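Reviewing the structure listed below.
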Amino acid sequence: MPNKLKILNDPIYGFIQIPNSLIFDIIEHPYFQRLRRITQMGFSNLVYPGANHTRFHHAIGCMHLMQKAIRVLRFKQVKISKEEENALCIAILLHDIGHGAFSHALEHSIVSGISHEEISLKFMKKLNKEFAGELSLAIEIFEGKNTRKFLCQLISSQLDIDRLDYLKRDSFYTGVTEGNISSDRLIAMMDVKDDELVIEQKGIYSVEKFLIARRLMYWQVYLHKTGLVAENILVNVLKRAKELAENGDTLHASSSLHYFLYNQISKENFTNETLNMFSKLDDYDVLSAIKEWVNHEDKILSLLSKMIVDRKLLRIEIRQEIFKETYIKKKKDKVIKKLNITEEEANYFVFHQEISNQAYNLKSPIYILSKKGKLKDIAKASDQLNLQALTIPVVKHFICYPK
């Protein structure tokens, strides 16, 4: 029998132990190994060259933090059975398994109307059949259907294990120190009261730092203007490729990417075959195709692909106010004239959107547990006035156009 109790060396947490043979077998599964070939931060490495870490890194880190959280809660007399422990570790390990190549870009271009969470669930159900029902409890917790609310909150809430890992990990790999949170301290302060995941009062400042770090990371990293441009160009590359495929044009692509370009995939027809093809699709397929498309006879596909390959991106303007239609038309007219293309085709090069971020949502509050055993929303418990401001969504508008 092979040794399945392996140890992995993580640059952030050090040694991470795989707790049992079931989790080892899930990690070894091709569905999970695909995450090695999907970057955690898409095109953020065009801004922060070190941001090349993968969804595989993140998932393993989440499992490690979940093990820590379970130990802390058990120490505080919270009853968590062996089955629940296993289910929590599996649910957090697989929470991102449905992410497509370059994460969110695929959701808006070649697969429509189905989110990565729904695809994650399809993968988990498929794995559950392969592992003779051993993932049933993990799926129940992942879907938020378990009667013990705090178990679901560890997987998905405003202070879940997913956020505790990705903020720290993304901060580490980008070198953006503002996002460096103390996940150890936050986990050490966790407790459960009235079936609610809470933070002890002495952890209040760690929560404040976590919320502020999250806000800074969004504006400085996740919604960085260069990253926004690159991701939107990628979406447009895939949209154009799909449009050409529908018109019968020949496109060089791997078999898995070819399947999604030449078939209309939506929530309704996402079959087992589709899931199988999706499990073979990763960043490598998309990048190698884009490199080929640089030389495609279609001017639009070729220009957009070249922008990504050579990192010669569109210009971007970001402001608080909505851009006037006259301003957008002026930019479009210039592109139509310069490239000799139609108004519809100009939309690939001139586009505008809004972006928003709400660092703290009052609808699913983070509760602080006072020394008297009372629960209070962090926004009210804190003496930091900034936290009230963090509850207001910040909306900005941007426009992209050729330089």
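As the structure is a prediction and not an experimental result, all values here were calculated from the model.
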If you draw a 6.0 Å radius around CZ in Arg215, do more than 12 non-hydrogen atoms from other residues or ligands fall strictly inside?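 No, CZ of Arg215 has 12 or fewer neighbouring heavy atoms, counting only those of other groups under 6.0 Å.
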Do other residues, nucleotides or ligands put more than 12 heavy atoms under 6.0 Å from Glu317 CD?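 Enclosed.
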Would you say the side-chain atoms of [X] and [Y] include a donor-acceptor pair closer than 3.5 Å?
| X | Y | answer |
| --- | --- | --- |
| Ser136 | Asn128 | yes |
| Tyr173 | Asn45 | no |
| Lys239 | Tyr348 | no |
| Ser254 | Tyr284 | no |

Should the pair His99 and His116 be assigned to parallel (<30°), tilted (30 to 60°) or perpendicular (>60°) ring geometry?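 The arrangement is parallel - the two ring planes meet at less than 30°.
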Going by the angle between their ring planes, with limits at 30° and 60°, are Tyr327 and Phe323 parallel, tilted or perpendicular? parallel
When rounded to the nearest 0.5 angstrom, what distance separates [atom1] in [X] from [atom2] in [Y]?
| X | Y | atom1 | atom2 | answer |
| --- | --- | --- | --- | --- |
| Leu135 | Lys125 | CG | NZ | 12.5 Å |
| His64 | Cys89 | NE2 | SG | 11.0 Å |
| Ile378 | Ile368 | CD1 | CD1 | 4.0 Å |

For Asp377, the option from Leu387, Thr391, Leu362 that meets side-chain contact (heavy atoms from CB on, under 4.5 Å): Leu362
Would you please indicate yes or no on a ring centroid separation below 6.0 angstrom for Phe56 and Phe32?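 Yes, they do, as the ring centres are separated by less than 6.0 Å.
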Which atom of Arg185 lies closest to which atom of Ser182, heavy atoms considered: CB-OG, 2.9 Å
